[in-house]
Amino acid sequence: MATKTSPLSGFPELLPAARSVERAVIASLSDTFELHGFANIETRAVEPVDVLLGKGETSKEVYLLERLQKEQGGSDAGVGLHFDLTVPFARYVLEHAGHLEFPFRRYQVQPAWRGERPQEGRYRQFTQADVDIVGKDVLPFHHDVEVMRVMVEALDALPIPALSFQFNNRKLIQGFYAGLGLPDVVAAIRVIDKLDKLPAEKVAELLVSDAGATPEQAQQCLDLATIRVADTSFVEQVRALGVSHPLLDEGLAELEAVVAGCSAGERRHVTVEANLRIARGLDYYTGTVVEIFMAGYERLKSVGGGGRYDALASDGRTTYPGVGVSFGVSRSIIPLLADGVLAGSRPVPSAVLVAVTDEDSRAASDAVAASLRARRVPCEVAASAQKFGKQIRYAERRGIPFVWFVQDDPDGGVSHQVKDIRSGEQVAADPAAWTPPTDDLRPQVVTKEHQ
RNA sequence: GUGGGUAUAGCUCAGCUGGUAGAGCGCUGCCUUGUGGUGGCAGAUGUCGCGGGUUCGAGUCCCGUUACUCACCCCA
């Protein structure tokens, strides 16, 4: 019976070649995280609604599981799919605190769900990669530098366009605003966050109307927010504004350490800046904050972000401060795939198609395949003993670079030949010794420059 | 949630002021009796998103509906 299907908006599905790219990205990220000693965990897909909604997110972006709610008798709010990995992680830490060693370092690559209108780079189901370090009661500041450096290193290794890490520090902002005498620091941060959407004059007006600032204070806020440098010279620039407060000093010192620490070393395509307008809307951040942007894809807004949160998880007796950063795998990779900036070299893992001469000799072809696989060469045996031209075409359509022929010799033995179907070159080969070039062994990520 | 656009072959799309469905690519076969790609010849494929209305007649006009899509809001 025919079934009509249609894509579900916001729930992207990749074809095999594209999926191989996504998997390569995830493998590369995991490799870097593990190189720095971060253990992988996976949390369940659902959380109690009160856990999900406790962090200032609006309820309508959460997908609720209606059936489970009904089963529970409707007395409590039920469960919903998580919309990020930070909130489930905080819950996980509380739940398993007795079995974890602190500081606890973990990374997590999982889908999250959000019920908002889909767009390029914004999906209802998307994969995110998070790294965090969580301490018990205290977490020394140097972990801020450490975890940010890990993400810098992880993203620097990816075959994607240049990335910019833009750092700020909540203590710096709050200390500055407090030193300035602003009545409503939180409202001011929220207004400053609009700076890339509204003109400066409009933001100044909002600071006066919404955050209770005087016009002079508003101007100083703008002066602070427009500081953006690729080194630690922002410290003098902030000092020059003439505001002083102990929290400001602390924030300046922290941001200086993060920028200096993340800038150190050779990078392929990741740059680091202090950008004092970065605030991040989420109110659980307390110190370091970061947003990550991808060159040529500024329209996606940030492809990653994170920061320091001193009290995301607490059981009332112990608090678990943490610092972490997340990278939007779907958000960045899917647009790159759609634009052809990234592509998979082939849709199948097979590097070799072993041709079948006739069904009676299929066993001989199977033996060749087994021999290749014993040396970790991915291969498959032809589906049917069609004319060799058809079998070659089968391989060509799948991007399989080599076809292996097993043929009877006049002297009663068999001969083996392998053909590179891109060049047409065909040579005698030993199934117990032949190996394809390394680049042909597995599907590769192809970038536009190389195409 | 608000506003715009679109819906026709596997894919990209054409189809004028209404007259029973088309192209390119792809696909299948043959030229090519066991080695593909180029070329030539032949061929297959559609409830024209769904429901209703107007009309002798609707892919085309009208109404509704659903899905997709773009922008705003917001975020990874």
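Labels below follow one simple rule: chain letters A, B, ... track the order of the sequence lines, proteins then strands, and each chain is numbered from 1.
- Here, B:A67 and B:C25 have their P atoms 36 Å apart, quoted to the whole Å.
- Across all strands shown, A:Phe405 has heavy atoms under 4.0 Å from base atoms, whether or not it also approaches the sugar-phosphate.
- A perpendicular orientation is assigned to the rings of A:Trp434 and A:Trp404, their planes being inclined by more than 60° (bins at 30° and 60°).
- At B:U33, one or more side-chain N or O atoms of A:Lys387 fall inside 4.0 Å of OP1 or OP2 (strictly under the cut-off).
- Comparing B:G36, B:U35, B:C72 by their closest approach to the side chain of A:Arg117 singles out B:C72.
- Under a 3.5 Å cut-off, the side chain of A:Ser30 and the backbone N or O of A:Ile26 do form a donor-acceptor pair.
- Spacing between atom CD1 of A:Ile400 and atom C1' of B:G36 amounts to 13 Å, rounded to whole angstrom units.
- As a whole-Å value, the separation of A:Ile278 CD1 from B:A76 P is 11 Å.
- In this structure, the CG atom of A:Leu29 is 17 Å from the P atom of B:A76, given to the nearest Å.
- Computed from coordinates, the A:Arg398 CZ to B:G36 P distance equals 18 Å when rounded to whole Å.
- Between A:Phe104 and A:Tyr92, the ring planes are parallel. Angles under 30° get that label, and only those over 60° would be called perpendicular.
- B:G43 and B:C27 make up a base pair, with Watson-Crick or G-U wobble contacts both under 3.5 Å.
- The separation between A:Trp113 atom CH2 and B:C74 atom C1' is 20 Å, rounded to whole Å.
- Taking a pair to require two hydrogen-bonding distances under 3.5 Å in either a Watson-Crick or a G-U wobble arrangement, B:C48 remains unpaired.
- In this structure, A:Leu300 places its CG atom 15 Å from P of B:C73, rounding to the nearest Å.
- Closest-nucleotide positions on RNA chain B for A:Ala385 and A:Gly10 were compared, and the one nearer the 5' end corresponds to A:Ala385.
- With B:U35, B:G36, B:A76 as the candidates, the nucleotide lying closest to the side chain of A:Ile421 is B:G36.
- Atom name P, nucleotides B:U28 and B:G10: the rounded distance is 15 Å, in whole Å.
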**OP:** Please step through side chain to side chain contact (heavy atoms under 4.5 Å, CB included) for the pair A:Phe234 and A:Val259, ending with a clear verdict.
**Re:** CA-CA 10 Å; A:Phe234 66 88; A:Val259 169; 4.3 Å; yes
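- Using a 4.0 Å heavy-atom criterion, one finds that A:Tyr394 contacts no nucleic acid atom at all.
- Heavy atoms of A:Arg331 sit under 4.0 angstrom from at least one base atom.
- Judged by centroid separation below 5.5 Å and plane tilt below 30°, A:Phe126 stacks onto the base of B:A76.
- Atom P of B:C74 sits at a distance of 24 Å from the matching atom of B:C68, rounded to the whole Å.
- Rounding to whole angstrom units, CD of residue A:Glu396 and P of B:U38 are separated by 8 Å.
- Residue A:Ser9 places no side-chain N or O under 4.0 Å from the OP1 or OP2 atom of B:A67.
- Checked against B:G36, B:C74, B:C27, the side chain of A:Arg397 finds its nearest nucleotide in B:C27.
- Using atom C1' as the reference point in both B:G1 and B:U47, the two lie 35 Å apart (nearest Å).
- Within the 4.0 Å cut-off from OP1 or OP2 of B:C73, not a single side-chain nitrogen or oxygen of A:Lys301 is found.
- A close approach under 4.0 Å does not occur between any side-chain nitrogen or oxygen of A:Arg124 and OP1 or OP2 of B:C74.
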**OP:** With side chain to side chain contact (heavy atoms under 4.5 Å, CB included) as the test, would you mind laying out the steps for A:His36 and A:Arg149 before giving the verdict?
**Re:** CA-CA 10 Å; A:His36 288 264; A:Arg149 275 189 64 105; over 6 Å; no
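- Note on A:Glu22 versus A:Arg19: salt bridge recorded, some NZ/NE/NH1/NH2 to OD/OE distance being below 4.0 Å.
- Shown are A:Thr288, A:Thr86, A:Thr286, A:Asp132; of these, the side chain to side chain donor-acceptor pair (under 3.5 Å) with A:Tyr309 is made only by A:Asp132.
- The gap from the P atom of B:A58 to that of B:G18 amounts to 13 Å, rounded to the nearest Å.
- Contact of A:Gln119 with B:U69 (side chain to base): no donor-acceptor pair of N or O atoms is detected under 3.5 Å.
- In this structure, B:G22 forms a base pair with B:C13, meeting either the Watson-Crick or the G-U wobble geometry with both donor-acceptor distances under 3.5 Å.
- Ranking B:U28, B:A76, B:U35 by closeness to the A:Ile392 side chain, first place goes to B:U35.
- Contacts of A:Lys419 with the nucleic acid, taken as non-hydrogen atoms under 4.0 Å apart, include base atoms.
- Between B:G46 and B:G22, the two C1' atoms lie 11 Å apart (nearest whole Å).
- Base pairing of B:C72 is made with B:G1, judged by Watson-Crick or G-U wobble geometry with both donor-acceptor distances under 3.5 Å.
- In the set B:C68, B:U35, B:A76, the nucleotide with an atom closest to the side chain of A:Gln417 is B:U35.
- Where A:Ser330 and A:Phe388 each meet RNA chain B at their nearest nucleotide, the meeting point lying more 5' is that of A:Phe388.
- The base-pairing partner of B:U6, taking Watson-Crick or G-U wobble contacts with both distances under 3.5 Å, is B:A67.
- Going from the C1' atom of B:U54 to that of B:C70 covers 33 Å, rounded to whole Å.
- Rounded to whole Å, atom C1' of B:C74 lies 17 Å from atom CG of A:Leu195.
- Nucleotides B:G3 and B:C73 are separated by 16 Å at their P atoms, to the nearest Å.
- Scanning all heavy atoms of the two residues, the minimum distance from A:Arg124 to A:Ser9 falls at CD-O, 3.7 Å.
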